[in-house]
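Please read these numbers as outputs of a predicted model, since none were measured by experiment.
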Amino acid sequence: MGNALEQSFGEINQSRKKPAKWFKNWKYVTAIAIGLLLLLVIGMSYYQANHFNANKKINGIEVSGLTADEALEKLQTSVLKNDIYIGNDLLIDGKDTKMIVTEEDLPRVKKLVKSQWTFLPSFKAEEYFLTPRKDDGYRSVNLKKELEQKLNAMNENLQAPKDAEVNLQDGKVTIIQEVEGTQYDVSRLVKEFEKQPVTSEIHLNPLLMEPTKEGSQTVKDQENLLEDLLHHQVDYTVQDKVYSLKGSEVIKNASVTKDMKISIDPSILKDKIAEINNAQSTLGKHFSFTTHSGSVISVKGEGYGWTLDVEKETALVQAAFEKGEKSVSASNIHGNGWNKEGYGYETIANNGIGGTYAEVSIAEQRIWLYRDGNLVLTTNVVTGKHSTGEDTSPGVWYILFKRTPYTLKGSAVGKADYEVEVDYWAPFTNSGQGFHDAGWRTNWNSNAYLTQGSGGCVNVTPNMMKAVYDNLSVYQPVVVY
């Protein structure tokens with residue numbers, strides 16, 4: 001019996017060492033299945049790597065399931081309507097064109113295929129944008145220009161926005177609130193158009209012109225600028241006097257632009273400049289003059305004298321306030337000179353006549369020449385003929401020029417035309433009165449001027465004329481009384 005058991009266990013052990021037939025078939029089936037699966041995965045991977053997934057678009061064109069070459073071909077044959085919408089409204093019905101894509105664009109299409117690759121098919125909707133390397137010019141030039149013109153034409157019938165304003169009114173800084181408008185912001189819309197992809201329809205946001213807001217930094221800066229203007233002071237110098245002009249006193253109304261430029265209403269400032277001019281100018285006014293004898297007389301300024309050009313001086317000081325300058329000197333001076341120039345502005349002493357001048361007394365028929373306050377010469381003269389109304393003109397004049405020798409030409413009572421040679425000539429009126437020698441004169445008496453005077457000039461004896469001429473200087477005052 002024991003041998004029989006050993007034999008049985010031996011047979012069992014022997015059977016375990018030999019695989020069953022069904023087990024061998026299962027291994028073959030598994031190997032084949034895995035091989036087929038690998039082939040399927042490899043095939044799927046290859047397909048996925050070279051085709052677009054579902055729900056994929058380029059520039060609005062469906063490219064799902066296409067290879068890069070197929071997608072490029074479809075892009076090339078697609079029609080662009082080039083319609084432009086503002087919001088949901090069709091603004092421009094553009095010309096139909098083809099998308100100018102070429103073989104040069106293929107690498108980028110392939111790059112898009114690669115970028116959207118997934119191991120398993122994806123149904124996620126995505127749109128890619130491709131700007132062709134070549135441009136036919138229609139969209140970038142013609143269509144853009146049409147858009148700009150269309151928007152500008154529409155804006156003519158739309159309400160423009162109104163910026164918040166900061167003004168100085170009656171000496172107080174005030175802010176006027178902004179007003180919204182309905183005009184399109186052409187510049188921003190054109191820039192947005194330039195950024196749009198090459199699609200059949202172009203949709204732009206309805207961007208409107210925006211006014212400067214009341215609470216903006218620009219308005220705050222404008223407000224501060226006008227406040228500073230009220231506290232600003234300009235020192236205005238006229239001759240030796242300085243007038244401290246305060247903004248709060250001479251400026252009541254002003255405005256400021258977005259680029260921070262101030263514009264001042266100059267009416268009050270002009271009144272102040274006119275007041276200063278009236279106080280200091282000498283043109284057409286009477287000079288207080290102390291004669292050789294010490295008596296004080298009043299002589300009206302004629303040729304000699306100056307005045308400010310109030311309009312130009314107002315603009316000068318206004319510009320100083322607007323630019324924030326702290327000081328400015330008068331520079332627009334005029335008078336009765338041949339070219340409207342004024343003389344005596346730089347002269348302050350002796351009530352504006354100074355220390356160098358010529359004094360002519362008609363009553364005494366004599367002249368006195370002073371230099372730097374000192375008498376340098378005095379001599380008898382004969383002035384204009386009184387009986388015929390040709391008197392030498394009283395007033396404060398100035399030496400216009402000097403000539404030696406000179407030919408006098410003109411007319412006088414009883415002489416329609418005359419021409420005479422003189423050695424020295426120094427005129428002081430625009431009408432032709434001046435100092436000159438008169439060698440032909442025989443009557444030098446102190447009353448000769450009454451009936452035998454000159455045609456208006458101051459006749460000087462030949463032996464004294466050179467000294468007189470040498471002691472006269474151009475532009476020096478001549479006081480005739």
Side-chain angles (χ1 to χ4, degrees), residues 30-148 150 188-207:
T30 301
I32 292 171
I34 292 173
L36 291 174
L37 181 61
L38 287 174
L39 288 174
L40 180 62
V41 169
I42 292 172
M44 183 181 296
S45 177
Y46 176 81
Y47 181 88
Q48 287 295 106
N50 291 277
H51 291 76
F52 281 100
N53 279 318
N55 295 324
K56 299 296 183 287
K57 293 181 180 181
I58 297 179
N59 292 3
I61 307 300
E62 184 72 46
V63 293
S64 301
L66 300 181
T67 65
D69 290 302
E70 291 169 340
L72 182 69
E73 183 179 355
K74 188 172 184 179
L75 292 174
Q76 290 174 326
T77 57
S78 297
V79 175
L80 299 175
K81 291 192 282 185
N82 294 310
D83 293 339
I84 300 180
Y85 290 82
I86 297 289
N88 295 320
D89 298 326
L90 178 63
L91 185 70
I92 295 176
D93 183 4
K95 181 180 72 173
D96 289 354
T97 62
K98 291 290 185 65
M99 195 180 304
I100 310 299
V101 288
T102 66
E103 291 298 324
E104 294 182 12
D105 299 303
L106 183 58
R108 289 188 293 158
V109 178
K110 290 181 177 180
K111 188 175 181 180
L112 291 177
V113 174
K114 184 178 180 180
S115 68
Q116 58 89 59
W117 176 85
T118 56
F119 181 76
L120 296 175
S122 170
F123 296 92
K124 180 182 178 182
E126 288 183 285
E127 183 166 2
Y128 306 105
F129 297 105
L130 180 72
T131 302
R133 293 189 182 278
K134 290 186 177 180
D135 180 11
D136 64 355
Y138 173 69
R139 289 170 71 102
S140 61
V141 178
N142 301 72
L143 192 58
K144 182 173 76 171
K145 185 176 182 180
E146 186 177 352
L147 170 64
E148 189 172 4
K150 179 75 173 180
R188 289 171 62 202
L189 280 167
V190 169
K191 287 181 179 178
E192 184 178 333
F193 168 81
E194 292 173 340
K195 297 176 182 178
Q196 295 300 306
V198 184
T199 56
S200 188
E201 293 183 355
I202 303 165
H203 290 269
L204 304 176
N205 293 318
L207 302 175

Could you report the tightest heavy-atom contact between [X] and [Y], atom names first, then the distance?
X	Y	value
K56	K124	NZ-O, 2.5 Å
R108	T131	NH2-O, 2.7 Å
K98	T77	CE-O, 3.8 Å
G65	Y47	O-OH, 3.9 Å
V198	R139	CA-NH2, 3.6 Å
D96	N82	C-ND2, 4.4 Å

- prompt: Under 6.0 Å from the NZ atom of K150, do we count more than 12 heavy atoms belonging to anything else shown?
  reply: no

task: Could you check K95 against K81 for side-chain contact (heavy atoms from CB on, under 4.5 Å), going step by step and ending with a plain yes or no?
output: CA-CA 6 Å; K95 181 180 72 173; K81 291 192 282 185; over 6 Å; no

With rounding to the nearest 0.5 Å, note down the distance linking [atom1] in [X] to [atom2] in [Y].
X	Y	atom1	atom2	answer
H203	I84	NE2	CD1	11.0 Å
M99	L72	CE	CG	10.5 Å
N50	D69	CG	CG	9.5 Å
L80	L75	CG	CG	9.5 Å
R133	T102	CZ	OG1	8.5 Å
L143	Y138	CG	OH	4.5 Å

Single hit among V113, L112, V109 for side-chain contact (heavy atoms from CB on, under 4.5 Å) with Y128: L112

Without hydrogens or angle criteria, can the side chains of [X] and [Y] be said to hold a donor-acceptor pair below 3.5 Å?
X	Y	value
D83	S200	no
Q48	N53	yes
S140	D135	yes

field: Validation row: K74, I61 side chains within 4.5 angstrom (heavy atoms)
entry: yes

message: Quick one: does any side-chain atom of S122 pair with a main-chain N or O of T118 as donor and acceptor, under 3.5 Å?
response: no

- request: For the pair E126 and K57, find out whether any cationic side-chain nitrogen is under 4.0 Å from an anionic carboxylate oxygen.
  value: no

query: Does the side-chain contact (heavy atoms from CB on, under 4.5 Å) test come out yes or no for L204 and Q196, once each step is laid out?
result: CA-CA 9 Å; L204 304 176; Q196 295 300 306; 3.8 Å; yes

Stepwise side-chain contact (heavy atoms from CB on, under 4.5 Å) test for E127 and I58: CA-CA 6 Å; E127 183 166 2; I58 297 179; over 6 Å; no

query: Could you walk me through whether I92 and Y85 pass the side-chain contact (heavy atoms from CB on, under 4.5 Å) check?
result: CA-CA 7 Å; I92 295 176; Y85 290 82; over 6 Å; no

